[in-house]
Amino acid sequence: MTRTKLSTKDIAYIGLVTTLIVICSWISIPMAIPFTLQTFAVAFALLFLGGKKGTLAIMIYLLIGAIGIPVFANFRGGIASLVSPTGGYLVGFLIQGFIYSLFIPRFGESNMVKLITLLIGNVAIYAFGTIWFLIVIGNTMTFWVALGMCVFPYVIPDMIKLALAFVVVNRLKPILRKSTTPT
């Protein structure tokens, strides 16, 4: 494994994207699994920063929350949030980042590959989060009931958020390229 040095610009972008994830987690509609804009922000992080730097932003977000800063949905923080019934979905964001980091270098950077990779990552979030949810709550519901409560209501909104992340990144990148070129 090779080490990659981060430039000042990389560190600034990672910090800004981590902040975006935090802000998007605070925009929340309370439900069994809070409806937030986190999936938008996580997809944005990966599309905008790339796999490694985007995953680093996600990891920083989770670490900040783990130490107790209220960066998760409903202004929660701490290890208790990560081991709660919904904590598996938060950890799933990191799994999505790892999947993105592995797939994109192998299969290319076309929008189709990125979209399929993000969709696979979302399935991983759903699977890991739902299994975690069932383990934490015990034998109180079936897998299908858990899917009906924790996944099915979120599929269409999550697809919309993925599409929105693509649109925002595709519009933002050319603007940033223009603003950073020497005159």
Side-chain angles (χ1 to χ4, degrees), residues 6 8-101 118 121-138 140-141 146-166 168-169 172:
L6 297 173
T8 303
K9 183 171 104 176
D10 291 335
I11 293 167
Y13 280 154
I14 290 166
L16 286 170
V17 170
T18 301
T19 304
L20 176 68
I21 299 171
V22 171
I23 292 167
C24 287
S25 75
W26 290 342
I27 301 169
S28 175
I29 299 170
M31 296 174 68
I33 309 299
F35 179 85
T36 68
L37 292 178
Q38 286 170 302
T39 50
F40 161 78
V42 167
F44 178 89
L46 296 169
L47 291 167
F48 182 71
L49 296 173
K52 290 179 183 178
K53 294 173 197 159
T55 303
L56 181 58
I58 296 164
M59 190 178 304
I60 292 168
Y61 164 71
L62 294 173
L63 289 172
I64 291 169
I67 63 170
I69 298 173
V71 297
F72 301 137
N74 302 322
F75 297 94
R76 295 179 318 144
I79 293 290
S81 297
L82 292 173
V83 298
S84 73
T86 60
Y89 297 99
L90 292 169
V91 176
F93 296 152
L94 195 56
I95 294 169
Q96 183 177 36
F98 290 139
I99 289 170
Y100 195 89
S101 295
L118 287 173
N122 257 30
V123 169
I125 292 169
Y126 296 147
F128 188 81
T130 303
I131 291 167
W132 183 293
F133 181 84
L134 287 168
I135 290 169
V136 172
I137 66 164
T140 59
M141 71 176 60
L147 285 177
M149 188 170 84
C150 302
V151 174
F152 296 150
Y154 301 90
V155 172
I156 291 173
D158 283 349
M159 296 310 107
I160 293 168
K161 290 183 270 183
L162 285 180
L164 183 61
F166 265 98
V168 171
V169 168
L172 187 59

In Å and rounded to the nearest 0.5 Å, what is the [atom1] to [atom2] distance from [X] to [Y]?
{"X": "F98", "Y": "M59", "atom1": "CZ", "atom2": "CE", "value": "4.5 Å"}
{"X": "S84", "Y": "I79", "atom1": "OG", "atom2": "CD1", "value": "11.0 Å"}
{"X": "I131", "Y": "C150", "atom1": "CD1", "atom2": "SG", "value": "12.0 Å"}
{"X": "W132", "Y": "L82", "atom1": "CH2", "atom2": "CG", "value": "7.0 Å"}
{"X": "I95", "Y": "L90", "atom1": "CD1", "atom2": "CG", "value": "11.0 Å"}
{"X": "L37", "Y": "I21", "atom1": "CG", "atom2": "CD1", "value": "12.0 Å"}

Please find the pair of heavy atoms, one from [X] and one from [Y], that lie closest to each other, and give the distance.
{"X": "P153", "Y": "G148", "answer": "CD-O, 3.2 Å"}
{"X": "A146", "Y": "T130", "answer": "CB-CG2, 3.9 Å"}
{"X": "L46", "Y": "G54", "answer": "CD2-C, 3.9 Å"}
{"X": "A165", "Y": "A43", "answer": "CB-CB, 3.8 Å"}

Check: T36 main-chain N/O paired with K161 side-chain donor or acceptor under 3.5 Å:
yes

For a side chain to side chain contact (heavy atoms under 4.5 Å, CB included) check, start with the C-alpha distance between Y100 and T55, then their side-chain angles and the critical distance, and finish with the verdict.
CA-CA 8 Å; Y100 195 89; T55 303; 5.6 Å; no

Could you check L118 against N122 for side chain to side chain contact (heavy atoms under 4.5 Å, CB included), going step by step and ending with a plain yes or no?
CA-CA 6 Å; L118 287 173; N122 257 30; 5.9 Å; no

Check L6, V17, D10 against L56 for a side chain to side chain contact (heavy atoms under 4.5 Å, CB included) and give me the one that passes.
L6

Please tabulate, for side-chain N and O atoms in residues 65-73, each donor-acceptor pair with protein atoms closer than 3.5 Å (sequence neighbours left out).
none

Side chain to side chain contact (heavy atoms under 4.5 Å, CB included) with V168: which residues, sequence neighbours excluded?
F40, F44, L164

Considering only residues two or more places apart or on different chains, which pairs with a residue in residues 59-74 satisfy side chain to side chain donor-acceptor pair (under 3.5 Å)?
S28-N74, Q38-Y61

Applying side chain to side chain contact (heavy atoms under 4.5 Å, CB included) to I125 and D158, what does each step give before you reach the verdict?
CA-CA 11 Å; I125 292 169; D158 283 349; over 6 Å; no

Are the side chains of T39 and Y154 in touch, meaning some heavy atoms are under 4.5 Å apart?
no

Ring center gap for Y89 and F133 short of 6.0 angstrom
no

